[in-house]
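In the text below, chain A, chain B and the rest are named by the order of the sequence lines, each starting its count at 1. All of these numbers come straight from a predicted model, not from anything done at the bench.
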Protein chains: 2
Amino acid sequence: MPEDHSEIGAAFLLTQLGTHAATRFAERVSALGLTPPQTGMLRMIGGTPGLSQQALAQALGMAPSKIVAFVDELEARGLVRRSRSVRDRRVHELTLTDQGQELMGRIRELAAEHEADFCQPLDADEREQLAGLLRRIAEHHGLAPGVHPGYRSLR
Amino acid sequence: MPEDHSEIGAAFLLTQLGTHAATRFAERVSALGLTPPQTGMLRMIGGTPGLSQQALAQALGMAPSKIVAFVDELEARGLVRRSRSVRDRRVHELTLTDQGQELMGRIRELAAEHEADFCQPLDADEREQLAGLLRRIAEHHGLAPGVHPGYRSLR
DNA sequence: TATTGTTATACTCTATAACTATA
DNA sequence: TATAGTTATAGAGTATAACAATA
């Protein structure tokens, strides 16, 4: 095993740090009684009000049948509302309730704290430098802004 | 949803890219019939020959009972050898077979390709810059070099 | 006939704890 | 009595496909 990180490449460090960042974020949102997928779902619905469960499934890479249970839960907690579309009565349009919007605000606060804590060893310039490099890689690989691919199956 | 990546912080980008990098790496090693945890296990055993299953479990954050099945598989494929310690006949000392070492070499090749592909949009200077920033964050958070925390449970 | 959301089911995965052999 | 490895098992989680309503 390597004695320090100096011989380890950027891609491996990224996997390692990415997992770590995800775990820390999960800890934070668990204080709100949420899991990261639920958080992502709320963010997605907040950003695209009225989207269907199919569209949500597509966007998050989850099976539609799995969406059902998630939305059930969020609806039961008064965070999300299902309403039948008037155009196509098969689809359920999803929106955040007022309570859901409010919670979304708190999630944003947590995310900012998370961001600050995680990048603590870097100064402002360096953070922007890092974010810039990462953005270029993300765009190069065609990753959708704001959605990460971790909600599907991954071994 | 954000239109581009410009308003997204480094920590989120890191989670997103880390997951993506992990998925791509998983695709690569699957060509060798391996999963990423198996790869990590081979690397760990190769780096610390003679370590016990307990030590391996500790290092990877896996339950000892889980290690058994993994080692069974790797042993059946002739990649890893269990030998009873002469000092303490309870422990199984793990080592790579010649075949395991050879496979480890191919894994290293794949890792290098993965690294190159993943960082493709960056030039050599920028890669070193990126790796340097990531290393500082990794050290600040006390991550063990070369081991990533993704083998335990994570939702 | 195709699609949306839902439910049911079979399958896999995981965690836990019991068990053995050594110490 | 305690520890290394193993096995068994119950519970959770997942994927798949069947289903009802609507198009």
In whole angstrom, give the distance that lies between atom CD of Gln58(A) and atom C1' of dT3(C). 14 Å
Regarding Arg84(B), tell me which of base, sugar-phosphate or nothing describes its non-hydrogen contacts under 4.0 Å with the strands shown. nothing
Tell me: CZ of Arg87(A) to P of dT4(C), nearest whole Å? 16 Å
For atom CG of Leu74(B) and atom P of dG5(D), their distance in whole Å: 15 Å
Which nucleotide, dT7(D), dG5(C), dA23(D), lies nearest any side-chain atom of Val68(B)? dT7(D)
Could you tell me how far apart Leu51(A) (CG) and dT4(C) (C1') are, to the nearest whole angstrom? 13 Å
Look at the side chain of Ser65(B) and the base of dT16(C), then say whether one donor and one acceptor between them are separated by less than 3.5 Å. yes
Measure the acute angle between the ring planes of His20(B) and Phe118(B), then classify it against the limits of 30° and 60° as parallel, tilted or perpendicular. tilted
A quick test of your reading: do over 12 heavy atoms of other residues, nucleotides or ligands sit less than 6.0 Å from CG of Asp98(B)? no
To the nearest angstrom, the CG-P distance between Asp72(B) and dT6(D) comes to 6 Å
Can a side-chain donor-acceptor contact be found between Gln53(B) and Arg82(B) if the only test is distance below 3.5 angstrom? yes
Verify, without hydrogens or angle tests, whether Arg136(B) (side chain) and Pro121(A) (backbone) share a donor-acceptor contact under 3.5 angstrom. yes
Want to settle it: does Ser52(B) or Asp88(A) sit nearer the 5' end of DNA chain D, counting the closest nucleotide to each? Ser52(B)
Rounded distance (Å) that lies between atom P of dT3(D) and atom CD of Gln54(B): 10 Å
Just to confirm, is there a sub-4.0 Å distance from OP1 or OP2 of dT6(C) to any side-chain nitrogen or oxygen of Arg82(A)? yes
Rounded to whole angstroms, how far apart are NZ on Lys66(B) and C1' on dA4(D)? 19 Å
Establish whether the base of dT22(C) is bridged to the side chain of Arg89(B) by a donor-acceptor pair shorter than 3.5 Å. no
So what does Val91(B) touch, heavy atoms closer than 4.0 Å: a base, only the sugar-phosphate, or nothing? sugar-phosphate
Once you round it to whole Å, what is the distance between P of dT4(C) and CG of Leu94(A)? 13 Å
Hydrophobic clusters here meaning ILVMFWY residues chained together by side-chain heavy-atom distances under 4.5 Å, can you tell me if Leu94(B) and Leu103(B) are in one? yes
